[in-house]
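Heavy-atom basis, side chains included; hydrogens, waters and symmetry copies ignored. Order of the sequence lines fixes the chain letters, A, B, ..., with proteins taken first and strands second; residue numbering starts at 1 for each chain.
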Number of protein chains: 2
Amino acid sequence: MPPYDPSAYPPFAVTVDLVVLTVRRHALCTLVVRRGESPYQGRWALPGGFVRAEEDLGAAAARELVEETGLCAHDPAAPPPVPSNGAHLEQLATYGAPDRDPRMRVVSVAHLALAPDLPAPRAGGDANSARWAPVEELLGEDALAGKAEAAAAAAGEAGSEEKEGGPEALAFDHARILADGVERARSKIEYSSLATAFCPPEFTVGELRRVYEAVWGVSLDPRNFHRKVTGTPGFLVPVGGTTTRQGGRPAQLFRAGGATLLNPPMLRPEV
Amino acid sequence: MPPYDPSAYPPFAVTVDLVVLTVRRHALCTLVVRRGESPYQGRWALPGGFVRAEEDLGAAAARELVEETGLCAHDPAAPPPVPSNGAHLEQLATYGAPDRDPRMRVVSVAHLALAPDLPAPRAGGDANSARWAPVEELLGEDALAGKAEAAAAAAGEAGSEEKEGGPEALAFDHARILADGVERARSKIEYSSLATAFCPPEFTVGELRRVYEAVWGVSLDPRNFHRKVTGTPGFLVPVGGTTTRQGGRPAQLFRAGGATLLNPPMLRPEV
DNA sequence: CGTGTTTATCGTCAGGAAGACGACTATGAT
DNA sequence: ATCATAGTCGTCTTCCTGACGATAAACACG
């Protein structure tokens, strides 16, 4: 790399942060790690780390994802030959407020990963521990600045609310990043087949419906949902077998079809 | 800012690049500037520049927008008190391949700006000149790698196609950034009222329809379009007057309504 | 072994949205 | 006066959706 006058531009640290979402026990959950270092020590944070000198942004996110979860990132542009436990990974947004990290100027390129339900997370790297936390618990409708907290005061809130959004507020601006990631996932499963990324390779219509219900936080009519997804071309391909994982009548098994954009889209119920 | 061990992380340069879109003479156009400096000297590029040491990413994009176009950025989160000629500005994506700039490691946070038709651009900063270029001319269906160029060979292509995507290929990875920005705009005017950002403060239904037609590259039925947009709550509010800017029968004038999300959405015609 | 429960799947019906297109209106150009 | 252009209002058919009844196939219990 040719030299260049370093005084012509200010130096930045560039990191990647990960919003890893999954559906566990009917709830949308995200991976958080306990911070062991100085700023926000002991608080939960999104997993992440520095981008290496010769590393692409997406590669850095994939590396962090493997380190934290063992998941093999599944680039939508280049489907892997082996259908391993690959998670969907895409860039979310970049956060670079000058004071977001008190140590130095850090620009963080957040990525969004969607994964099927996994066993307990393995703590990796510099994290003391890691867990799947329900996003509702982390984003309690007022975990972000700007939301009215009048309702809490009026209701005589039980528990120990802290100043910045609940007892388990995330470090840095990670609550904002998580909220953006959740909103991205909520809107993207509307018009793409991304909801299948939350499912194992073979799944039933009911399991897919429970993904939508968990991500959107609504309940859907099983009959209309079944008609909709089986009638959308390219969304699901039957794989032949049946299963009775959930009790009740055995259900057909499907794989994700080749379609990435759904037409017609799934419609999120109104408010 | 407290000191921090600079050997613990590799230093990056962080820039913002702008995809400024407008509709001119029934065509979707973007602002490009002529590069005066060494890599890709003389080639067209997207406007952009370094983020300053204490500057937020959005602020840097807004500053570049003012420098290049005189447009006052219009943060959706904080509507300006004065309805000046504010353009819509939002973050698009971040590009940080290790070799995207031969001089050094640069991470560019691209932003998307939508503006009404403007007078000739004023060349600012380090740009020799600037112009509005039709995106179709910059992204000729094969300006990006990966597209099949077999059709060009079979048709006995006239003109002087270069190796990397046409005679006016953009510098760096700016063709990719532009393509992503155009795709964002195309999809976002479907379900949001963002198409009004391409219109002057007061506009007619026909002018709004021509925006959709230019951005999507299709032709829409004027009668169905009229019924749709006037029937979508919060999209348009009548302002009272009429105009005959386009010839023909005078048309009612509207302003953009308060709605940001359209329900039902506008539907882009199928392939 | 019957009954109840759970889940899956198929059908029906009414309301609404959208595409195709006819008809009419109000301006300027010739 | 006539034509061209652009805007606006209706109609009709088709498709999608939400609400919901009905049936099917498993298991749990008495």
Side-chain angles (χ1 to χ4, degrees), chain A residues 25-26 189-191 199 202-214 216 218-255 259 261-271, chain B residues 23 25-26 189-191 199 202-214 216 218-254 259 261-271:
Chain A
R25 289 176 290 123
H26 283 216
I189 64 173
E190 262 188 289
Y191 55 88
C199 295
E202 295 188 353
F203 53 89
T204 69
V205 174
E207 289 166 348
L208 183 63
R209 176 170 48 83
R210 278 180 281 274
V211 165
Y212 276 91
E213 290 178 333
W216 284 345
V218 299
S219 64
L220 301 171
D221 185 295
R223 298 159 292 192
N224 293 334
F225 184 86
H226 187 277
R227 176 184 59 191
K228 187 74 181 286
V229 296
T230 56
T232 299
F235 195 5
L236 302 182
V237 296
V239 79
T242 62
T243 186
T244 180
R245 275 198 282 267
Q246 306 288 335
R249 171 178 167 178
Q252 284 185 63
L253 284 171
F254 294 87
R255 285 187 300 105
L261 258 55
L262 298 183
N263 194 321
M266 306 296 297
L267 292 181
R268 178 159 30 167
E270 295 306 308
V271 184
Chain B
V23 174
R25 289 175 289 120
H26 283 219
I189 65 174
E190 262 188 288
Y191 56 88
C199 295
E202 295 187 354
F203 54 90
T204 70
V205 173
E207 290 167 347
L208 183 64
R209 176 169 50 83
R210 278 180 282 275
V211 165
Y212 276 92
E213 290 178 332
W216 284 344
V218 298
S219 65
L220 301 171
D221 186 292
R223 299 160 291 191
N224 292 335
F225 184 87
H226 187 278
R227 177 184 57 189
K228 187 73 181 287
V229 295
T230 56
T232 299
F235 195 6
L236 302 181
V237 297
V239 79
T242 63
T243 186
T244 180
R245 276 199 282 264
Q246 308 287 340
R249 172 176 165 179
Q252 284 185 60
L253 284 170
F254 294 87
L261 258 55
L262 298 184
N263 194 319
M266 307 295 297
L267 292 183
R268 177 162 29 166
E270 295 306 308
V271 185

(message) By the definition side chain to side chain contact (heavy atoms under 4.5 Å, CB included), identify the one residue from B:K228, B:R210, B:E213, B:M266 that meets it with B:L220.
(response)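 Between B:L220 and the candidates, side chain to side chain contact (heavy atoms under 4.5 Å, CB included) is satisfied uniquely by B:E213.
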
(message) What contact category does B:R245 fall into here, base, sugar-phosphate, or nothing, at under 4.0 angstrom with non-hydrogen atoms?
(response)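 B:R245: no heavy atom of the nucleic acid under 4.0 Å.
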
(request) Could you tell me whether the side chain of B:P269 reaches within less than 4.5 Å of the side chain of B:W216, counting heavy atoms only? (result)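 Yes, close enough: below the 4.5 Å cut-off.
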
(request) Would you indicate whether the side-chain heavy atoms of A:F254 and A:V239 approach each other to under 4.5 Å? (result)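 When only atoms from C-beta onward are counted, A:F254 and A:V239 do not touch, as no gap falls below 4.5 Å.
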
Separation of atom [atom1] in [X] from atom [atom2] in [N], rounded to whole Å:
X	N	atom1	atom2	value
B:F225	D:dG7	CZ	C1'	13 Å
B:L208	D:dT8	CG	P	12 Å
B:D221	C:dG22	CG	C1'	11 Å
A:F254	C:dT9	CZ	C1'	10 Å
B:F203	D:dG7	CZ	P	13 Å
A:L262	D:dT17	CG	C1'	16 Å

(message) Using the rule given for side-chain contact (heavy atoms from CB on, under 4.5 Å), can you reason through B:L208 versus B:F235, listing the C-alpha separation, both sets of side-chain angles and the distance that settles it, and then say yes or no?
(response) CA-CA 11 Å; B:L208 183 64; B:F235 195 6; 4.0 Å; yes

(request) Starting from the 5' end of DNA chain D, give me the residue, A:M266 or B:A251, whose nearest nucleotide shows up first. (result)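 It is B:A251 whose nearest nucleotide is closer to the 5' end.
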
(message) So does B:I189 get a backbone contact from the side chain of B:Y212, meaning a donor-acceptor N/O pair under 3.5 Å?
(response)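 Between the backbone of B:I189 and the side chain of B:Y212 there is a qualifying donor-acceptor contact (under 3.5 Å).
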
(request) Measure from the side-chain N and O atoms of B:T204 to the backbone N and O of B:E207, and report whether any donor-acceptor pair falls under 3.5 Å. (result)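 Yes; judged by distance alone, with no hydrogens or angles, the pair exists.
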
So, OP1 or OP2 of [N]: does either fall under 4.0 Å of a side-chain N or O from [X]?
X	N	answer
A:R268	D:dG18	no
B:R209	D:dA6	no
B:H226	D:dT8	yes

(message) On DNA chain C, compare the nucleotides closest to A:G248 and A:Q252; which residue's is nearer the 5' end?
(response)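 Taking each residue's closest nucleotide, the earlier one in sequence belongs to A:G248.
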
(request) Report yes or no: is there a donor-acceptor pair, N or O only, under 3.5 Å between the side chain of B:R249 and the base of D:dA6? (result)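 No, the side chain and the base share no sub-3.5 Å donor-acceptor pair.
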
Pairs under 3.5 angstrom, nitrogen or oxygen only, protein versus nucleotides 10-16 of chain D, please.
residue	atom	partner	partner atom	Å
D:dT11	O4	B:R227	NH1	3.4

(request) Look at A:R255 together with A:E202 and state whether they make a salt bridge at an N to O cut-off of under 4.0 Å. (result)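 No salt bridge links A:R255 with A:E202.
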
